[in-house]
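The structure under discussion appears below in the form of structure tokens.
Computed over heavy atoms, backbone and side chain alike; hydrogens, waters and symmetry mates excluded. A, B, ... follow the sequence lines: proteins, then strands. Residue 1 opens every chain.
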There are 2 protein chains.
Amino acid sequence: MSETDLPAAPWDRRRRRPAPAKVPLTRERIVEAAFTVLDREGYDRLSMRQVALELGVAVSALYVHVANKDELFELMYLRLFEGRELPDPDPERWQEQLKEFARDGRAALLRHRDMARISMGQLPFTPTLLPHVERLMAIIRASGMPDRVAAMAGDLLSTYIEGFTLEEGMWLERYKDMDPSTWEVKRQEITDYFATLPPDRFPNMVAMAGLMVDESNDYRFELGLDILVRGLASYVEKTPEES
Amino acid sequence: MSETDLPAAPWDRRRRRPAPAKVPLTRERIVEAAFTVLDREGYDRLSMRQVALELGVAVSALYVHVANKDELFELMYLRLFEGRELPDPDPERWQEQLKEFARDGRAALLRHRDMARISMGQLPFTPTLLPHVERLMAIIRASGMPDRVAAMAGDLLSTYIEGFTLEEGMWLERYKDMDPSTWEVKRQEITDYFATLPPDRFPNMVAMAGLMVDESNDYRFELGLDILVRGLASYVEKTPEES
DNA sequence: CTTGTTCACTGAACAGTGTTCATGCTAGAA
DNA sequence: TTCTAGCATGAACACTGTTCAGTGAACAAG
């Protein structure tokens, strides 16, 4: 409805240049650019200058929209939860629901390079995340475990997801420069290293040489998840009528 | 026995100043200084320059003994395990032994400010730690759990210890500037915040308002540990003869 | 058409960072 | 005394996060 909808009148000299069609800088665009830089350059090279350069803008312009590099990290962290919905609690399926939540979390972290490093060092107690935490708690409490355990369960799960993915990402970073054909060779080298340790001093290492390296990350994540959920389940008081 | 034991002869012009009694720079002294700086300044202000300043030495001198800031971090990380002995495995007490290991780990991390942040981002697969890992594995395998689970158990435990202590440390850092008298007030504020949320939208948050904040870190750590160990125990195949 | 104000953005600067390298000093060997 | 080896130095490079006085365009009022 404003006059900007109308074509510019040729006699109107106010705008000789077509008003450089500036896409205004917003928090969203900054976060977007930050992710682009993160994926291309990695955590260590993610700097305010690189983000500004990505947007074709002076560094100081960023600070109008974002207080800090820390605040930028926080915004990136919040992205992890956007569009991730938790189901209504189903007391029969709380274990599977928690596992699904964890798988989602890992997937979200793996979506961007080094994302786990940003996620670590963030406390998930921002009001924005309250609805999310509330729904997670609903699922946990529906299991029937004591509230003391339920309060711990959320943290425990988050710590596992982030910790596991962090370690996973560090291995990925370490071997990303090698071409995949040598991957298998390298892995065999490591397995061999463990296998050829003096068996009298390192009997357990030698015995588990294969297992420590061979298993896929997916399998290992799933196994850790199962250990955790079993531990939680052991706190659920089974009422006599359901069994 | 060298001539430096003798008092300087007044006519000897070679050393007007008493040969500044140089303690030679070593990796050990550098690591020591790094810990001093870490405890005083925190992770974010721990820089090579500060370490050099602490030692009264030029920055570049550090690089003779230490390749990198990363290598310095690695050396600091290795300190965590020095003088920490694991007991011989006792199949009857594996659960308590693992818990003791975890408590030790947390204590070691808490011994230095922000130590968990250094510890995270370190892969514990350096040859120096092999004996340590071996002994941990001995305890885990003595429990009788399948090797696949045992291989995961170590990682899971380490992730928990580091993750928990990292979060713990972040809260400590956040509130360290306040004087302890206002601590209690602040905690009540947070509890109240949760308690006064709209109960129709956040029934679970409101219900657990007290539990989420009140419990001590010691208790929470112990609880998480128990959940984990119970999960592991659920994988131990109980042979018929022992029960 | 002229003013004034607002707003987003710029460029330069400050105080720091990790890391390198030619230079110098010092202690011991010949 | 001279030579040599090794260590430590200071200056430099290429960065970092953050601040702040100033610029220019857009719009509203007089």
Side-chain angles (χ1 to χ4, degrees), chain A residues 1-6 8-9 11-30 33-34 37-38 41-76 117-118 121, chain B residues 1-6 8 12-30 33-34 37-38 41-76 117-118 121:
Chain A
M1 291 296 168
S2 73
E3 65 169 323
T4 56
D5 293 342
L6 300 174
W11 62 87
D12 190 349
R13 300 178 56 212
R14 275 185 305 181
R15 37 188 80 177
R16 324 157 205 208
R17 271 166 280 173
K22 266 191 189 172
V23 188
L25 204 52
T26 61
R27 292 172 142 242
E28 295 311 311
R29 284 189 62 221
I30 293 175
V37 174
L38 180 67
E41 309 277 352
Y43 180 90
D44 293 319
R45 293 195 133 90
L46 169 55
S47 69
M48 298 301 271
R49 256 138 180 128
Q50 284 295 323
V51 174
L53 208 138
E54 181 70 28
L55 290 162
V57 132
V59 211
S60 39
L62 303 179
Y63 284 87
V64 178
H65 304 271
V66 151
N68 263 340
K69 197 184 183 185
D70 281 347
E71 196 185 270
L72 177 54
F73 280 169
E74 197 183 318
L75 291 175
M76 296 174 82
R117 284 177 69 182
I118 291 178
Chain B
M1 290 297 165
S2 73
E3 65 169 324
T4 56
D5 294 340
L6 302 174
D12 190 349
R13 300 180 55 213
R14 277 185 305 182
R15 40 186 75 175
R16 318 156 209 213
R17 273 165 278 173
K22 268 190 185 172
V23 189
L25 204 51
T26 61
R27 292 171 141 241
E28 296 310 311
R29 286 190 60 222
I30 292 175
V37 174
L38 181 66
E41 310 276 352
Y43 181 89
D44 293 320
R45 294 194 131 90
L46 170 55
S47 68
M48 299 302 269
R49 254 134 180 135
Q50 284 295 320
V51 174
L53 207 137
E54 181 72 25
L55 290 163
V57 133
V59 211
S60 40
L62 303 179
Y63 285 87
V64 178
H65 305 270
V66 152
N68 264 339
K69 197 183 184 186
D70 280 347
E71 195 186 91
L72 177 54
F73 280 169
E74 196 183 319
L75 292 175
M76 295 174 82
R117 284 176 70 181
I118 291 177

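- Here the P atom of nucleotide D/dC15 and the CG atom of A/Leu46 are 16 Å apart, to the nearest Å.
- Nucleotide C/dT19 holds its P atom 12 Å from the CZ atom of A/Arg45, rounded to whole Å.
- Between the CD atom of B/Gln50 and the P atom of C/dG16 there is a distance of 9 Å, given to the nearest Å.
- Between A/Leu53 atom CG and D/dC15 atom P there is a gap of 11 Å when expressed in whole angstrom units.
- Between the CG atom of A/Leu25 and the CD1 atom of A/Ile30 there is a distance of 4.0 Å, given to the nearest 0.5 Å.
- Among D/dT9, D/dT16, C/dT19, the nucleotide with an atom closest to any side-chain atom of B/Arg49 is C/dT19.
- At whole-Å resolution of the value, CZ in B/Phe73 and C1' in C/dG18 are 11 Å apart.
- Separation of atoms CZ (A/Arg49) and CG (A/Leu62) is listed at 10.5 Å; rounding is to 0.5 Å.
- Across the protein-nucleic acid pair, B/Met48 atom CE and C/dT17 atom P stand 12 Å apart, rounded to whole Å.
- The stretch residues 58-72 of chain A touches DNA chain D through A/Val59, A/Ser60, A/Tyr63, A/Asn68, A/Lys69, each having a heavy atom under 4.0 angstrom from the strand.
- The CG-C1' distance, from A/Asp44 to D/dC15, rounds to 13 Å in whole Å.
- For the pair A/Gln50 and A/Arg45, the minimum side-chain heavy-atom distance is 4.5 Å or more.
- Minimum heavy-atom separation, B/Lys69 to B/Leu46: NZ-O, 2.9 Å.
- Distance, B/Ile30 CD1 to D/dC7 P: 12 Å, rounded to whole Å.
- In this structure, CD on B/Glu41 lies 9.0 Å from CD on B/Glu54, to the nearest 0.5 angstrom.
- A salt bridge links B/Arg27 and B/Glu71; the closest N-O separation between the charged side-chain nitrogens and carboxylate oxygens is under 4.0 Å.
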